[in-house]
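Just dropping this structure here.
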Amino acid sequence: MEEDLKRKLARYFRKVDTIEPQEKKSEDFSSRLNTPTTDSIESLKQSNENEEGKSERKEERIFQLKKKLEEIERKTKQRIQKIPVKEAQLISQQSVEISTIGTLPTKAMPGGFVSTPYGEIWINETKRSLGDRFGSIYLCDILSFGKETASMVCMNSAFDDFDPNRAVYIDTETTGLEFSCATIPFLIGLGFIEGKEVIIRQLFIDRIEKEPEVLRLLSDFLEGRKHIVTFNGKSYDIPLLKTRYILNRINFDLDAFLNFDLLTAVRRIYKRRIKDCSLVSCERQILGFLREGDLPGDMIPEIYASFIREQKEGLMPFVFHHNVQDIVAMVALMGAIGRLVSWREEEDTCTHPSDLLSLAAISSKQGRHTEAEEIWGFGKENLEGEGRLESLVGLARLARRRKDYFSATQLLETALEEVPDSPHLHLMLSKIFEHDIENYEKALQHAINSRGAEDEEKWQRRVERLRKKLKNK
DNA sequence: AACACATCATGGAGGTCTGA
DNA sequence: TCAGACCTCCATGATGTGTT
């Protein structure tokens with residue numbers, strides 16, 4: 001059985017190895033960073049060789065780009081120094097050396113038996129420095145997560161006091177996805193920030209009958225904490241753990257914790273540019289990080305079953321490793337969200353335009369019009385194409401809302417210069433001219449051009465109505 | 001497979017305006 | 001004065017999606 005799994009895993013890694021170059025190729029983080037990556041420098045180098053006459057100028061350009069990269073690294077270090085949280089002061093300059101988290105799991109089973117009030121329990125503890133880099137994000141970016149960020153991205157005032165630096169990051173590995181009595185969370189990973197480190201403590205059920213003891217230990221670890229962060233935990237980890245507490249007749253109220261579900265936040269912010277919002281996909285596409293030595297989630301139940309049957313570690317170290325990666329990725333993602341929301345302070349603009357536009361939409365929905373206006377204003381001046389268009393329309397809606405019809409029509413007319421045939425823009429203008437300004441001539445003109453934005457029947461009625469109004473004026 | 005969202009489409013409520 | 005048309009806002013239902 002174990003050999004089967006090993007073969008399966010080997011096949012999987014071969015598959016990953018073969019697709020990796022392509023995936024890396026399709027990832028263009030340079031556009032996100034507004035800065036060239038090493039790859040783009042290399043490709044620039046290659047094209048230089050083909051154009052000998054221009055080589056000197058391009059060499060100079062490469063030199064400039066490299067300098068820019070160094071500048072970004074320098075600013076990141078400065079950012080750490082600026083972090084307004086007391087703990088951040090503990091992060092020395094030395095710990096901020098560029099190191100990327102992506103170590104392969106050790107062959108041996110990590111951790112060991114620890115004597116607890118509930119008996120001997122297998123626990124593994126791993127630490128990551130907040131100075132570690134996870135793709136384009138430093139783990140210490142979590143410390144700059146603003147006070148209002150959580151309530152903003154969760155669109156819920158209950159998160160007003162949410163502090164991701166004091167939260168527990170929870171990820172479970174289980175014996176399957178089905179919510180049956182037989183599904184147990186055999187590995188419970190808990191991440192928390194202490195000083196200048198992220199501590200990942202993993203509680204392992206090495207024998208099925210030890211589940212109640214591990215659950216009791218978990219409740220002890222969570223004692224005194226109020227906030228948790230999960231990825232899809234609202235639907236998966238937390239309901240599962242709640243069921244296990246009930247089935248084991250242990251009184252522990254997981255509903256008392258405020259759960260920041262990263263999946264919800266990620267979908268809200270990044271959905272427009274990444275279709276697949278799984279954690280691994282977020283790592284690659286938002287953080288720019290490619291996992292090494294990871295295994296697919298659907299193999300995990302089988303690996304644990306094999307461990308229980310044969311009482312041999314087999315591939316369990318990979319599962320421990322996978323769990324640590326998930327927790328660290330959650331911390332990094334929180335950092336990415338924190339940085340996005342504090343985009344004004346980002347001199348090196350690591351921010352993707354579409355993420356900013358999502359943020360504007362979220363702000364607008366919550367009635368945070370000043371924030372939305374600020375982002376759309378930035379978009380109007382600094383973006384091109386669809387981003388600029390969306391910013392102009394957003395600003396026009398806000399202007400109409402505050403009854404500034406002059407600005408609203410001006411903004412929409414500017415948008416029309418970019419896409420003169422847009423029936424939707426013509427429809428918006430037609431409504432403002434008809435209902436707000438009462439300029440029926442212009443309203444009719446735009447109504448005629450709005451064909452296609454709504455039903456043919458509605459369009460005809462609108463045009464006819466405006467013709468009548470114009471006649472009777 | 002269970003669950004909790006998110007998004008999208010649809011329709012109703014309530015307010016305002018027009019024209020007979 | 002009142003029916004009808006239009007707007008915005010909100011509620012509801014269908015569908016899709018992550019988790020191991």
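Just so it is clear: chains get the letters A, B, ... in the order the sequence lines come, proteins before strands, and each one is counted from 1.
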Of all heavy-atom pairs linking A:Asn323 and A:Gly189, the shortest is OD1-CA, 3.2 Å
Kindly point out which of B:dC5, B:dA4, C:dT19 is positioned nearest to the side chain of A:Asn232?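 Of the options given, the side chain of A:Asn232 lies nearest C:dT19.
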Rounded to whole Å, please give me the gap between CG in A:Leu466 and C1' in B:dC17. 13 Å
Counting the atoms with a prime plus P, OP1 and OP2 as sugar-phosphate, which does A:Asp276 contact under 4.0 Å by heavy atoms, base, sugar-phosphate, or nothing?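 Sugar-phosphate contact only.
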Please compare A:Arg267 and A:Glu178 by the position of their nearest nucleotide in DNA chain B and report the one closer to 5'.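 Its nucleotide being nearer the 5' end, the pick is A:Glu178.
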Report the relative orientation of the aromatic rings in A:Phe260 and A:Phe162; use parallel for angles under 30°, tilted for 30 to 60°, perpendicular for over 60°. tilted
For B:dC17 and A:Tyr440 - does any side-chain N or O of the residue sit under 4.0 Å from the phosphate oxygens OP1/OP2? no
When all nucleic acid strands are considered with a 4.0 Å heavy-atom cut-off, which category describes A:Thr230: base, sugar-phosphate, or nothing?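 It contacts nothing in the nucleic acid.
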Kindly say whether A:Ile250 contributes a backbone atom to a donor-acceptor pair with the side chain of A:Asn248 at under 3.5 angstrom? no
Report the distance from atom CG of A:Asp255 to atom P of B:dA4, rounded to the nearest whole Å.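 In whole Å, B:dA4 P and A:Asp255 CG are 10 Å from each other.
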Who is the Watson-Crick or G-U wobble partner of B:dA1, with both distances under 3.5 Å?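 Here B:dA1 is not engaged in any pair, so there is no nucleotide opposite it.
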At under 4.0 Å between heavy atoms, what does A:Asp237 touch on the DNA or RNA strands: base, sugar-phosphate, or nothing?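 No contact at all - A:Asp237 keeps every heavy atom at 4.0 Å or more from the nucleic acid.
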Donor-acceptor pair (no angle test) under 3.5 Å: A:Ser278 side chain, C:dG18 base: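 Under the 3.5 Å cut-off, the side chain and the base do not form any donor-acceptor pair.
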Rounded to whole angstroms, how far apart are NZ on A:Lys275 and P on C:dG18?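 Rounded to whole Å, this separation is 12 Å.
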Option among A:Leu412, A:Leu427, A:Leu416, A:Leu425 that satisfies the side chain to side chain contact (heavy atoms under 4.5 Å, CB included) test with A:His446: A:Leu416
Rounded interatomic separation in angstrom, taking CG from A:Leu241 and P from C:dT20: 13 Å
In whole angstroms, the gap separating P of C:dT19 from CZ of A:Arg244 amounts to 21 Å
In residues 422-429 of chain A, which residues come under 4.0 Å of DNA chain C by heavy atom? none
Just one of A:Asp237, A:Asn259, A:Asp326 clears the side-chain hydrogen bond (donor to acceptor under 3.5 Å, both in side chains) bar with A:Thr230, so which one?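 Between A:Thr230 and the candidates, side-chain hydrogen bond (donor to acceptor under 3.5 Å, both in side chains) is satisfied uniquely by A:Asn259.
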Rounded to whole angstroms, how far apart are CE on A:Met316 and P on C:dT20?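 Atom-to-atom, A:Met316 to C:dT20, this comes out as 14 Å.
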Hydrogens and angles aside, do A:Ser358 and A:Arg272 bring a side-chain donor and acceptor to less than 3.5 Å of each other? yes
Among C:dC7, C:dG18, B:dA1, which nucleotide sits nearest the side chain of A:Lys271?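 Nearest to the side-chain atoms of A:Lys271, counting from C-beta on, is C:dG18.
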Exercise: identify the closest heavy-atom pair between A:Pro185 and A:Leu241: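 Here A:Pro185 and A:Leu241 meet closest at CG-CD2, 3.8 Å.
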Can you tell me if A:Arg400 touches the phosphate of C:dT8, counting only side-chain N or O atoms and a distance under 4.0 Å to OP1 or OP2?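 Yes, within the criterion.
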Mind calculating the distance between CG (A:Leu240) and P (B:dA4) to the nearest angstrom? 13 Å
From CD of A:Glu302 across to C1' of C:dT20 the rounded distance in Å is 12 Å
When you get a sec, tell me which of C:dT8, B:dA4, C:dT20 is the closest nucleotide to the side chain of A:Asp326?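 Minimum distance to the A:Asp326 side chain belongs to C:dT20.
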Upstream residue (5' side of DNA chain B) when A:Asp261 and A:Tyr236 are each assigned their closest nucleotide: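 It is A:Tyr236 whose nearest nucleotide is closer to the 5' end.
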Using both distances under 3.5 Å as the test, list the Watson-Crick or G-U wobble partner of C:dA11, or none.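 B:dT10 is the nucleotide pairing with C:dA11.
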Under 4.0 Å: is that the gap between some side-chain N or O of A:Arg462 and OP1 or OP2 of C:dC7?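 Checking C:dC7 against A:Arg462, a side-chain N or O does come within under 4.0 Å of OP1 or OP2.
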Within 45° of the six-membered ring axis of A:Phe192 and under 6.0 Å from that ring's centre, is NZ or CZ of A:Arg225 located there?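 Judged by the rule, A:Arg225 and A:Phe192 form a cation-pi pair.
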